There are 2 protein chains.
Amino acid sequence: MSVTIREVASRAGVSIATVSRVFNNSDPVDEGTRARVKKAATELRYVPNVLGRSLSMRRTDSIGLLLPDLFGEFFSEVIRGCDQTAQQSNFHLLVSSSHNNRQEIEAALRMMRGRVDGLIIMSPHIDANTLIENLPRTLPVVLLNCHVDGDDFDSINIDNRGGVSAMVRHLLSHGHTRIGILKGTEHNLDAAERLLGYREAVAAGSAVLSPDLEVPGSFSEASGYDAAGKLLSLRPRPTAIVASNDSMAIGALSAIRESGLRVPEDIALVGFDDIPVAAYITPSLTTVNVDIDGLGVAAITQVIHAVKNRNAHTKQHSVLPTRLSLRHSCGCTNQQTSHQSQKEVTAETT
Amino acid sequence: MSVTIREVASRAGVSIATVSRVFNNSDPVDEGTRARVKKAATELRYVPNVLGRSLSMRRTDSIGLLLPDLFGEFFSEVIRGCDQTAQQSNFHLLVSSSHNNRQEIEAALRMMRGRVDGLIIMSPHIDANTLIENLPRTLPVVLLNCHVDGDDFDSINIDNRGGVSAMVRHLLSHGHTRIGILKGTEHNLDAAERLLGYREAVAAGSAVLSPDLEVPGSFSEASGYDAAGKLLSLRPRPTAIVASNDSMAIGALSAIRESGLRVPEDIALVGFDDIPVAAYITPSLTTVNVDIDGLGVAAITQVIHAVKNRNAHTKQHSVLPTRLSLRHSCGCTNQQTSHQSQKEVTAETT
DNA sequence: CAATTTGATGTAAACGTTTACATGCGATAC
DNA sequence: GTATCGCATGTAAACGTTTACATCAAATTG
């Protein structure tokens with residue numbers, strides 16, 4: 001079927017070891033024979049079989065990336081960040097997605113086993129035990145935005161809490177005291193942490209803390225639309241709304257407009273993520289900026305480091321900072337109207 | 001390091017062949033020994049090594065997906081469609097992205113070689129020769145939105161031309177005769193085809209066909225904003241704008257609003273793709289709907305079919321139809337205000 | 001000039017599976 | 001009672017590499 005190292009060897013009149021040496025530059029080879037081997041190889045269109053190679057070398061030069069159900073722009077960015085960084089280090093990326101419960105995750109873990117030298121896992125449905133039971137101890141793992149205790153694995157988390165908290169403080173500084181929140185998907189770690197950040201800042205700022213002001217949602221435009229409707233029917237009505245992500249904020253904006261209210265004059269609105277479209281809706285959306293691409297870069301860097309150290313390094317837990325992108329929807333007025341502006345008004349959230 | 005089939009065999013007191021048989025249900029095995037093997041395997045936490053397995057069986061049970069630079073929601077959807085469909089057929093997905101020139105594509109092709117049983121390629125930078133030269137003839141390939149001649153490979157294309165053409169006819173039916181277009185990225189196949197569809201329908205409808213009405217862009221919100229600005233400064237001003245995708249339409253909307261004009265009263269605006277956010281901006285965006293998820297599903301289905309037929313089937317070229325999502329931005333008035341509406345007004349584009 | 005090093009290559013044993021073939025044995029058939 | 005069958009299992013050869021070790025000639029060293 002496919003041409004093997006043996007055929008190249010016999011055509012070049014050498015042993016397979018020599019062919020291997022030529023392709024790996026692993027040992028000195030006479031220039032003459034090297035040329036003969038190369039010639040034979042190109043004539044036969046020989047490409048080394050990666051499986052044989054990996055089996056023999058006990059490494060695959062690839063990194064696995066386990067993701068939950070993909071939606072929106074977020075994961076595109078994560079994948080891009082990972083892939084580009086991996087390529088720079090001569091690693092390949094093996095992505096597997098759509099794992100929305102423990103069983104699916106376990107199946108994915110097993111299938112990745114043997115195929116990759118390291119693993120990046122982004123899944124709310126994972127716990128330390130599942131991992132330890134399904135993976136060889138020597139396999140480097142970096143957890144992205146997972147809630148896993150212990151020091152068995154590296155982890156990187158987004159500063160959800162700090163980001164929302166800073167945003168709420170910003171709203172408080174505008175004079176708001178009755179601030180509602182559109183919550184994200186239930187049992188989702190990001191959603192939970194953002195809610196915590198909201199409560200923390202609301203309480204610290206002596207604003208109104210009430211279950212009525214916390215309405216459920218699911219990170220989609222549709223759920224933002226619905227949830228905002230509920231907040232708007234409260235009396236007294238909240239004067240500001242925090243959406244758990246930008247998509248929900250966009251849905252909320254649509255609902256607010258239909259009810260005849262204006263943003264930001266009648267009600268302030270803010271989001272989370274800072275997806276590209278946030279700057280282009282009217283009014284432009286004030287939101288918490290996350291360096292999504294940087295998340296992927298950091299994860300790959302860390303896992304490759306672990307691979308090179310044979311996973312014997314001390315595990316690290318890092319938190320990716322966020323910053324505020326202050327635009328019009330919160331009522332800030334010191335904004336240029338042009339979207340071309342290179343320097344938007346931002347503020348560190350820490 | 002990792003526990004192998006040999007250790008399981010010796011612990012269960014059988015040969016490695018029997019262990020293999022138990023794990024593959026390939027031959028009858030006595031219930032007693034089967035139980036002993038299973039017990040030994042779980043005690044040792046044995047997981048078959050996929051590389052050895054693939055090497056021996058000459059198949060990997062995985063499909064490669066080659067993508068260009070990822071951005072926006074589009075690719076998330078493609079990947080999701082592919083992954084879910086692949087999983088249903090017990091295949092795994094190996095994604096590699098960020099290939100923006102011929103060299104990178106070739107490198108990716110080589111690296112996929114041996115790792116996958118079939119390949120889905122989505123890249124404008126590919127041609128039949130590159131493929132034929134870098135891939136074994138037996139490897140099934142499905143081309144997604146690529147412009148490749150010949151009958152060597154299966155292909156699936158989006159009906160860009162028909163979609164835009166239908167949309168322009170819709171605008172003509174609203175009475176518009178001076179319609180501008182915001183072009184997509186240069187040298188991009190989708191962009192070129194959409195432009196063709198525009199010209200075709202404009203010419204057929206005896207509307208104004210002029211280079212001034214075709215302004216360059218690059219599929220991003222920012223480029224839509226800029227390009228729209230140029231159209232708005234024309235005199236006479238176009239009364240309708242076709243954006244080459246939804247992101248550009250959103251950028252354009254922002255620019256139109258800043259110039260003090262209203263959509264759709266002063267100027268109609270339409271997009272392409274029908275990304276989720278299109279229904280939630282104000283006014284809701286009339287756009288060409290593409291079943292992105294279905295694209296992934298179709299691609300995987302086709303490539304798996306080819307794998308099972310050892311790539312000996314006759315190659316197919318199919319075109320994915322589009323339909324119009326008629327909302328407010330084009331001036332249609334027969335719209336419900338609620339986003340919850342299950343049945344939006346749609347029209348087949350063919 | 002003998003001893004040692006160096007360079008170029010070949011041999012064969014891994015790596016962890018699957019599977020064609022062989023073997024042995026109890027049961028059925030006649 | 002022998003021939004035939006089928007089941008359960010073992011043996012060993014693939015699959016396509018890498019690499020430790022061996023070999024041998026030529027060059028260097030003293």
Side-chain angles (χ1 to χ4, degrees), chain A residues 1-38 40-41 44-62 110-117 136 138-139, chain B residues 1-38 40-41 44-62 110-117 136 138-139:
Chain A
M1 198 69 63
S2 195
V3 34
T4 79
I5 198 172
R6 247 167 281 272
E7 306 175 44
V8 177
S10 85
R11 173 177 264 247
V14 297
S15 74
I16 59 168
T18 302
V19 178
S20 174
R21 285 190 262 261
V22 168
F23 272 81
N24 298 304
N25 284 323
S26 49
D27 280 304
V29 173
D30 180 82
E31 276 312 313
T33 45
R34 159 167 269 120
R36 279 213 318 287
V37 169
K38 289 230 161 194
L44 294 171
R45 295 200 177 173
Y46 168 68
V47 176
N49 179 304
V50 282
L51 283 130
R53 184 167 218 271
S54 294
L55 188 58
S56 184
M57 308 230 290
R58 274 190 238 55
R59 46 171 248 242
T60 62
D61 292 328
S62 39
R110 278 193 298 273
M111 96 87 174
M112 282 289 182
R113 196 172 165 162
R115 274 182 233 260
V116 297
D117 297 338
T138 51
L139 189 75
Chain B
M1 201 68 64
S2 196
V3 33
T4 81
I5 199 173
R6 247 167 279 272
E7 304 174 45
V8 178
S10 83
R11 173 178 265 249
V14 296
S15 75
I16 60 167
T18 301
V19 178
S20 174
R21 283 191 262 261
V22 168
F23 271 83
N24 296 307
N25 284 323
S26 49
D27 280 305
V29 173
D30 179 82
E31 276 313 313
T33 45
R34 161 167 266 118
R36 278 212 319 285
V37 170
K38 290 231 163 193
L44 293 171
R45 296 201 176 172
Y46 168 68
V47 175
N49 179 305
V50 281
L51 285 139
R53 184 167 216 271
S54 294
L55 188 58
S56 184
M57 309 231 289
R58 276 192 244 41
R59 48 173 247 244
T60 63
D61 293 328
S62 39
R110 278 193 299 272
M111 95 91 175
M112 282 288 182
R113 195 170 168 164
R115 275 181 234 260
V116 297
D117 297 338
T138 51
L139 189 75

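A quick note: this is a predicted structure, and the numbers were derived from the prediction, not measured. Residue numbers start from 1 in every chain, and the chains themselves are labelled A, B, ... in the order their sequence lines are given, proteins ahead of strands.
Atom CZ of A:R6 and atom C1' of C:dT11 are 12 Å apart (whole Å). For the pair B:N25 CG and D:dT9 P, the interatomic distance rounds to 14 Å; values are reported in whole Å. What separates CZ of A:R59 from P of D:dT17 is a distance of 16 Å, to the nearest Å. A straight line from CG of B:D27 to C1' of C:dT17 spans 15 Å, rounded to a whole angstrom. Straight-line distance from the CZ atom of B:F23 to the P atom of C:dT19: 15 Å, rounded to whole Å. A:R36 places its CZ atom 12 Å from the C1' atom of C:dA8, with the value rounded to the nearest Å. Following rounding to the nearest Å, A:I16 (CD1) and D:dC15 (P) show an atom-to-atom distance of 12 Å. In this structure, CZ of B:R34 is placed 14 Å from P of D:dC7, rounded to the nearest angstrom.
At a threshold of 4.0 angstrom between heavy atoms, the contacts of A:G13 are confined to the sugar-phosphate backbone, with no base atom among them. When heavy atoms are screened at a 4.0 angstrom cut-off, B:T18 is found touching the sugar-phosphate backbone but no base atom. Using a 4.0 Å heavy-atom criterion, one finds that B:N24 contacts the sugar-phosphate atoms exclusively.
Note on B:N49: every side-chain N or O is 4.0 Å or more away from OP1 and OP2 of C:dC15. The phosphate of D:dT11 has neither OP1 nor OP2 within less than 4.0 Å of any side-chain N or O from B:S15. Within the structure, a side-chain polar atom (N or O) of B:T33 is placed less than 4.0 Å from OP1 or OP2 of D:dT9.
Taking every side-chain heavy atom of A:P48 into account, D:dT17 is the closest of D:dA14, D:dT17, D:dG10. Side-chain proximity of B:T4 to the nucleotides D:dG16, C:dG16, C:dA8 is greatest for C:dG16. Distance from the side chain of B:P28 is smallest for D:dA8 among the nucleotides C:dG16, C:dT11, D:dA8. Comparing C:dT17, C:dT19, D:dC15 by their closest approach to the side chain of B:A17 singles out C:dT19. For A:I5, counting side-chain heavy atoms from C-beta on, the closest listed nucleotide (D:dT17, D:dA20, C:dT18) is D:dT17. Considering only side-chain atoms of A:L55, the nucleotide from C:dC15, C:dA8, C:dG10 that sits closest is C:dC15. Considering only the side chain of A:R53, D:dT17 comes nearest among C:dT11, D:dT9, D:dT17.
Residue A:R58 places no side-chain atom within donor-acceptor reach of the base of C:dG16, judged by atom type and a 3.5 Å distance cut-off alone.
Distance alone, capped at 3.5 Å, is enough to place a donor-acceptor pair between the A:S54 side chain and the A:V50 backbone.
Considering every non-hydrogen atom in both A:R36 and A:A12, the closest pair reads NE-O, 3.1 Å. Closest approach of B:R115 to A:S62, counting heavy atoms only: NH1-OG, 3.7 Å.
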*Could you go through the side chain to side chain contact (heavy atoms under 4.5 Å, CB included) check for B:V14 and B:R21 one step at a time?*
CA-CA 11 Å; B:V14 296; B:R21 283 191 262 261; over 6 Å; no
_Verdict with reasoning, B:R34 to B:N25, per side chain to side chain contact (heavy atoms under 4.5 Å, CB included)_ = CA-CA 10 Å; B:R34 161 167 266 118; B:N25 284 323; 2.8 Å; yes
_Please evaluate residues B:N24 and B:R53 with respect to the criterion side chain to side chain contact (heavy atoms under 4.5 Å, CB included), reporting the C-alpha separation (whole Å), side-chain torsions for both, the decisive distance (0.1 Å), and the verdict._
CA-CA 11 Å; B:N24 296 307; B:R53 184 167 216 271; 2.6 Å; yes
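Along DNA chain C, the nucleotide nearest to B:V47 and the one nearest to B:R21 differ in position, and the one closer to the 5' end is contacted by B:V47. Annotation: of the two residues near DNA chain D, B:M57 and B:V14, the 5′-most nearest-nucleotide partner is B:V14.
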